[in-house]
Amino acid sequence: MNRTTTPERGEHGEVGEGGETGQPDSGQGTDANSGPEPGLRRALSWIGLAVAAGSAALLAVGAFLGLYVRPTSDDWCALWKSRDMGALGISSDFYLTQNGRVTNAFVTGLLYSHDMRGPKLLPAFLVVALGVGLFLLARAALRALRLPRPPVVLLAAAAALLSALLFFAGTRPYQALLWAPATISHTLPSLIGLWAVLGAVRAARSERRWARTATIGATLLIGTAVGMLSEPFTLVAGVFAAATGLLCLPRFGWAKDRYVSTWCATACVGLGVGLVLLYTSPGARWRRAQHPAEPLSLAEVGETFHDWWRVWQAVGGQWAYAGAFAVGGLLGLGLAYARTRSGTRTRSDGSDTRPLAPRRVPRVAVFLPLPLVALASLAVTYGLRSGYGVTGWTYARTWTSFLLPFLLALCAYGTGLGLLLGRRLAARTAGSDPHTASGPRAPLAARVAAVTVAGTVAVACTAALVPSVRTLTTTTVVRSLAWDRQDARIRSEIAAGAREVTYRPLPIGYLAEPFFTPAYTRDWVAQCVSRYYGADRIGRP
């Protein structure tokens, strides 16, 4: 992607420019004497620990950098509006005059209600909430598939590395983690969706009717709120919820009842209601008037596909994303080498029968995630082109909405491949002749090679994020020191009675600062800065 220093437009719309069961696998190694040597299990654990520790260290740095966040771009407008209007006032302002994102405005009003304290703490919240959510989601998925439990450190490594990739591997790490207007619109919705899925899973396990009913009712409200929070995530979540709901219809034999389909349908209805309320708002109509959409034509469709292809060229150029597949491979190998889950089936009289066998995944569910990610990203690209024009596809902060499911899909494919490879190698070892020189050695060498390759790629991709985090740290800290000095000067001048002050732009993260446009009347950033400080006007140094 052509990385230009042209500041991007504001986030808030200110315009300045069937349950089939397989048989137990005999190659998993169900006792201490079968399966691979303990050395391989220990190697997996140590590699997982290295990946988890490295990713956690990067995430800790990112969370700590939140303390050095200072206002820029939409921050200026959010600060004075939250101070002067309150959360309800800014919500009304967004609905009537900005973009219709009522939920977005309400969260913004709460977050900025104590100046920059909320935006400084938000990165730490995002890091913890995403990491814990991914860890719990992995555990829930393994339990649903009746797979053995791998070492906890491998689950932690997968959750930590996926979080680090989401925040630091893209072209706009500052916007993905540290800039509150973008994280509210494009990172927070993904967290809400993730934890909503975990809540639905918990309700399904309880098998209490009232719990399922309450969860479905809450999903309707959450979906409506999210529909007025972020249009890109609404499109992505709608695509995945609709596909999952159809796949889990009882008639296809993978779900035992209609709970999953009902939950997905409710989520789609809620998202649709929220999106309609947003789209029909006076603020959304005003915003569309500033950037009239091109009539749908073959040429416009072709340009949308061209933009979509450029988005994925930019994503594919970040080779660190391969770490999601590699850490999935480590997790799959850990599953293959782990002991069989000890759960049992029970008859109606309560007596035990045979151990639970792994649940087979329908073939369509195996091949569906990547096409869904492609479709969802295409919908987001079309929305960006409609809302921002020909440069809309470059607003990489919006890519977070489909990058998270993309990373989850890569990790899932890596896990499946690692599990399949580990089991086949274990089966070859069990069937080999230990009295021949070429018996168990070849499978063991293959297993060592698989662990080495997956571990090397995972560690390398973790290390590849270090330069991005180092640059992010330097730019954020240096800017905060310069901003603090300038802020102290401006406040002293205002206290002395000055009505016009000078402001030196301090750009960061490809975001707009005052004087990004020659016409002061169109410079919404400068006007928000003057409103924040209580000055009549700001000028150049």
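Along the sequence shown, the residues carry numbers beginning at 1. Remember, it's a predicted structure, so these values are computed and weren't measured experimentally.
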* When you measure from the side chain of Ser55 to the backbone N and O of Ala52, does any donor-acceptor pair fall under 3.5 Å? ->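 Such a contact is absent between Ser55 side chain and Ala52 backbone.
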* Hey, does the side chain of Ser45 reach the backbone of Val153 with a donor-acceptor pair shorter than 3.5 angstrom? ->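 Absent.
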Between [X] and [Y], does the ring centre distance come in under 6.0 Å?
X	Y	value
Trp312	Phe402	yes
Trp76	Tyr532	yes
Tyr388	Tyr395	yes

* To do: State which residues pass side chain to side chain donor-acceptor pair (under 3.5 Å) with Thr219; sequence neighbours excluded, sorted by chain then number.
  =>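 Applying side chain to side chain donor-acceptor pair (under 3.5 Å) to Thr219 gives Trp263.
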* Do Tyr112 and Asp75 have side-chain N/O donor and acceptor atoms under 3.5 Å apart? ->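 Their side chains do contain a donor-acceptor pair, which is all the 3.5 Å distance test asks for.
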* Measure the shortest side-chain to side-chain distance between Arg41 and Pro151 over non-hydrogen atoms and say whether it is less than 4.5 angstrom. =>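 No; the side chains remain at least 4.5 Å from each other.
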For [X] versus [Y], what's the shortest heavy-atom pair and its separation?
X	Y	result
Ala241	Cys264	O-CB, 3.3 Å
Phe168	Ser468	O-OG, 3.1 Å
Ala160	Leu59	O-CD1, 3.6 Å
Leu410	Ala324	CB-CB, 3.9 Å
Leu161	Val327	CD2-CB, 3.9 Å

* **Salt bridge flag under 4.0 Å for residues Asp257 and Arg212** =>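 Salt bridge: yes.
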* When rounded to the nearest 0.5 angstrom, what is the spacing between CZ in Phe305 and CG in Leu378? ->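 Result: 5.0 Å between the selected atoms.
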* To do: List the steps and the verdict of disulfide bond (SG atoms under 2.5 Å apart) for Cys528 and Cys77.
  => CA-CA 5 Å; Cys528 285; Cys77 301; 2.0 Å; yes
